[in-house]
Participant: 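If you scroll down you'll find the structure; I have some questions about it.
Here the structure is a predicted model, which is why all the values come from computation and not from measurement. Each ligand, and each atom within it, is numbered from 1 in the order the structure gives. Only this structure's heavy atoms are used, side chains among them; waters, hydrogens and symmetry mates stay out.
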Amino acid sequence: MLSKINPTTTQTWEKLTAHYQQIKDKKLTEFFDEDPLRFETFSQRFKNILIDFSKNQLGKDTMELFSRLFNECKISESIEHQFTGGKINRTENRAVLHTALRNISKSPIYLEGKNVMLSINEVWKQMEVFSNKIINGEHKGYTGKPISDIINVGIGGSDLGPQMVYEALKPYHQKRIKCHYVSNIDGAHMAETLKKVNPETCLFIIASKTFTTQETMTNANSARDWFLEKGGGINDISSHFVAVSTNSEKVVEFGIDPNNMFVFWDWVGGRYSLWSSIGLSLCCGLGFSSYWKLLEGAHEMDIHFRNESFENNIPLQMAAIGIWYTNFFEAESEAILPYDQNMHRFAAYFQQGNMESNGKSVDRNSKKVDYSTGPIIWGEPGTNGQHAFYQLIHQGTHTIPCDFIGFVNSHYQMGDHHPKLMANFFAQTEALMKGKSKIEAQSELEAMGKTSNEIKEILDFKVFEGSKPSTSILGEILDEKTLGSLIACYEHKIFAQGIVWNIYSYDQWGVELGKALANELVPMVKGKATSKGKDASTIGLLNAYLELSKSR
Ligand code: G6Q
């Protein structure tokens with residue numbers, strides 16, 4: 001069982017509160033002035049990745065206190081529970097074993113006396129055989145042509161992960177295969193995707209853990225109707241539709257041959273299911289060996305997280321820094337800023353990973369928490385963000401800890417784009433830390449030849465307070481293994497924070513209410529049921545909708 005300790009009642013929390021008072025106004029630059037080895041002290045290396053924590057508002061004493069806090073909150077025991085199949089998803093009475101899905105060592109992992117690696121291995125083989133057949137053209141469509149387009153139909157955890165990875169690993173795409181991701185129930189998403197594909201050469205992967213999700217099932221039904229309408233026959237469905245799910249009954253009911261089903265298990269959370277057969281589109285779009293390297297990178301990070309002490313443990317240190325800002329500096333959000341265009345879905349992916357996991361307000365004692373838990377996660381790739389929202393990070397009123405992610409080498413040889421991109425990365429973290437004092441701003445304006453009156457008018461607006469915290473993550477190149485390690489690193493950070501915040505990170509009851517209400521409202525929106533009993537605003541909206549829909 002996980003501990004049920006309210007972190008704010010621990011001795012270390014009290015010490016951290018006092019420590020915060022001492023440190024909160026210290027300039028980031030002062031930390032560097034005091035310690036010439038600060039960069040060395042606060043940067044860590046993991047394989048080909050360097051993580052620099054030095055531009056954060058903390059000292060060695062801060063990290064020592066966090067190490068103690070994590071001990072008090074029983075972090076090591078919790079990690080072991082997770083890795084060994086403890087039912088730590090208490091409210092759903094489930095184990096949490098996505099780490100087993102990337103246990104490429106294949107060493108046994110037991111759940112209720114059964115070695116889960118045996119069934120994982122079978123599914124790996126099934127995915128490898130199937131994706132090889134797609135890639136080498138052996139798997140043919142109903143007119144005998146090889147498959148050229150894979151359409152993954154899923155939403156949330158059954159969409160965001162594979163899509164993010166497919167985009168991030170563009171240089172590794174199979175030449176002949178293109179993957180598409182349809183998630184939104186807005187008909188535009190499916191309709192626009194279908195315009196790009198040929199029914200003779202497309203394969204739909206219906207990806208849904210439950211196989212009951214309204215959006216996915218609606219999209220899947222429309223895809224099947226389109227396929228039949230365009231010339232495919234009922235008997236051809238088996239070569240054009242496969243399912244990834246835990247619910248075989250519903251898969252058969254939909255009309256998919258059970259032989260075309262790739263299973264996974266209830267101990268895989270939706271937002272962690274990228275590592276399960278939900279990754280099938282990746283096996284087809286990247287090739288199984290690339291997919292395997294992704295798992296390998298994640299597995300290496302799992303070993304690091306499970307075995308390293310706090311002092312060397314990157315996900316634990318990231319977790320500590322996040323808690324430091326959320327609970328002591330009262331930061332409400334965190335930005336993830338990849339300086340890599342192909343990582344344009346990374347922040348969105350961890351928006352779900354983080355906010356669905358730690359967006360909770362009831363603790364493991366069933367009590368409402370009186371401290372902040374998961375922050376708001378957002379972000380866009382640099383340098384685009386610089387020309388949009390960075391203004392607020394530099395000169396706004398909120399504290400926004402930022403993760404900058406970039407790579408030494410680019411896959412794209414395009415003039416001097418890459419050094420310029422990375423110069424922006426380094427410039428931003430430097431500017432956030434150093435800011436610009438009034439004196440500096442004044443001499444700049446003087447050098448520009450401004451009069452003293454002009455300077456007086458504008459000076460205050462030209463000042464940057466600085467001391468805005470950031471963590472820099474610098475990889476050698478964005479390859480499969482590096483991406484796998486980065487994803488696992490963020491996952492473990494989220495888990496560790498949930499342990500300290502005393503919440504259950506692996507359920508998502510907050511998603512359920514909206515799902516249930518949407519199903520109830522469908523007949524009302526179609527005008528086939530009365531809205532009686534609904535609140536006045538919802539009735540008003542429904543009436544306006546029905547009235548306006550008549551006018552077209
Ligand atoms: C993730 C959530 C959620 C889920 C989707 C899709 O942790 O549970 O995002 O993945 O609601 O669910 P299905 O895979 O069951 O369709």
Side-chain angles (χ1 to χ4, degrees), residues 82 88-99 101 123 151-165 181-186 189-190 204-224 241-254 256 261-282 345-360 374 377 487-488 490-492 494-495 497-498 503-519:
Q82 169 162 313
I88 62 167
N89 178 357
R90 188 80 193 84
T91 68
E92 295 182 309
N93 196 28
R94 288 175 183 165
V96 177
L97 273 176
H98 49 274
T99 48
L101 298 166
V123 177
I151 302 145
N152 187 83
V153 182
I155 197 165
S158 303
D159 165 76
L160 286 161
Q163 192 190 13
M164 179 274 283
V165 172
Y181 293 85
V182 177
S183 53
N184 203 323
I185 197 163
D186 181 347
H189 206 175
M190 181 57 88
F204 293 93
I205 299 178
I206 313 300
S208 174
K209 182 173 165 181
T210 54
F211 233 71
T212 56
T213 304
Q214 189 197 56
E215 291 90 336
T216 302
M217 297 329 294
T218 307
N219 277 325
N221 281 314
S222 299
R224 189 182 46 191
F241 285 79
V242 300
V244 176
S245 187
T246 56
N247 190 343
S248 26
E249 223 170 88
K250 290 274 173 201
V251 168
V252 173
E253 207 177 291
F254 179 85
I256 290 181
M261 177 176 171
F262 296 78
V263 298
F264 63 112
W265 305 272
D266 72 354
W267 42 262
V268 186
R271 55 196 169 278
Y272 297 87
S273 62
L274 153 69
W275 308 106
S276 70
S277 43
I278 289 286
L280 183 63
S281 61
L282 296 174
R345 297 295 293 160
F346 194 77
Y349 178 66
F350 277 109
Q351 205 162 51
Q352 177 187 36
N354 210 319
M355 292 166 76
E356 212 167 67
S357 300
N358 287 342
K360 313 278 164 71
I377 304 295
I487 300 171
Y490 274 93
E491 286 176 354
H492 294 319
I494 294 165
F495 164 63
Q497 291 185 323
I503 52 179
Y504 288 116
S505 296
Y506 290 114
D507 58 20
Q508 56 285 311
W509 298 107
V511 183
E512 305 300 325
L513 177 63
K515 277 191 182 181
L517 285 183
N519 281 327

Participant: Run the numbers for me: atoms of ligand 1, each under 4.0 Å from some heavy atom of Gln508, listed by number.
Facilitator: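 Going through ligand 1 atom by atom, the ones under 4.0 Å from Gln508 are 7 (O), 8 (O).
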Participant: Which heavy atom of Lys209 sits nearest a heavy atom of Trp265, and at what distance?
Facilitator: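 Heavy atoms of Lys209 and Trp265 come nearest at CE-O, 4.4 Å.
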Participant: If I apply the N/O under 3.5 Å rule, does Arg271 come out as touching ligand 1?
Facilitator: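 Min N/O separation from ligand 1 is below 3.5 Å for Arg271.
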Participant: Using a 4.0 Å cut-off to any heavy atom of Ser158, which atoms of ligand 1 qualify?
Facilitator: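 Here the atoms of ligand 1 in question are 10 (O), 13 (P), 14 (O).
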Participant: With a 6.0 Å cut-off on the ring centroids, do Phe346 and Tyr490 count as close?
Facilitator: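 Phe346 vs Tyr490: aromatic centres under 6.0 Å.
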Participant: What is the minimum heavy-atom distance between Lys360 and Tyr504, and which atoms define it?
Facilitator: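 Minimum heavy-atom separation between Lys360 and Tyr504: NZ-O, 2.8 Å.
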Participant: Provide, to 0.1 Å, the distance between atom 2 (C) of ligand 1 and the closest protein heavy atom, together with that atom's residue and name.
Facilitator: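 I find the closest protein heavy atom is Glu356 OE1, 3.0 Å.
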Participant: What protein heavy atom lies closest to atom 15 (O) of ligand 1? Include the residue and the distance to one decimal.
Facilitator: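 Minimum-distance protein heavy atom for atom 15 (O) of ligand 1 reads Thr210 OG1, 2.6 Å.
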Participant: Using a 4.0 Å cut-off to any heavy atom of Lys515, which atoms of ligand 1 qualify?
Facilitator: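 Once the distances to Lys515 are compared, the set is 11 (O).
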Participant: Would you check whether Gly157 has a nitrogen or oxygen atom less than 3.5 angstrom from a nitrogen or oxygen atom of ligand 1?
Facilitator: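 It does: an N or O of Gly157 is found under 3.5 Å from an N or O of ligand 1.
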Participant: Identify which of Val153, Ile155, Thr213 has a heavy atom lying nearest to atom 16 (O) of ligand 1.
Facilitator: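 Considering heavy atoms of Val153, Ile155, Thr213, the nearest to atom 16 (O) of ligand 1 sits in Thr213.
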Participant: Closest approach of Asn358 and Gln497, non-hydrogen atoms and distance?
Facilitator: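 Heavy atoms of Asn358 and Gln497 come nearest at ND2-CB, 3.9 Å.
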Participant: Please report the shortest heavy-atom distance between Ile494 and Tyr272, naming the atom on each side.
Facilitator: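 Closest heavy-atom pair between Ile494 and Tyr272: CG2-OH, 4.1 Å.
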Participant: Is Gln352 near ligand 1, meaning one of its heavy atoms is under 4.0 Å from it?
Facilitator: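 True for this residue.
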Participant: Return yes if some donor-acceptor pair links the side-chain N/O of Gln351 with the main-chain N/O of Ile377 below 3.5 Å, else return no.
Facilitator: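 It does hold such a pair.
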Participant: Which atoms of ligand 1 have any heavy atom of Gly270 under 4.0 Å away?
Facilitator: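 Listed by number with element: 1 (C), 7 (O), 10 (O).
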Participant: Is Asn152 reaching over with its side chain to a backbone N or O of Ser158, donor-acceptor style, under 3.5 angstrom?
Facilitator: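 Checked: pair present.
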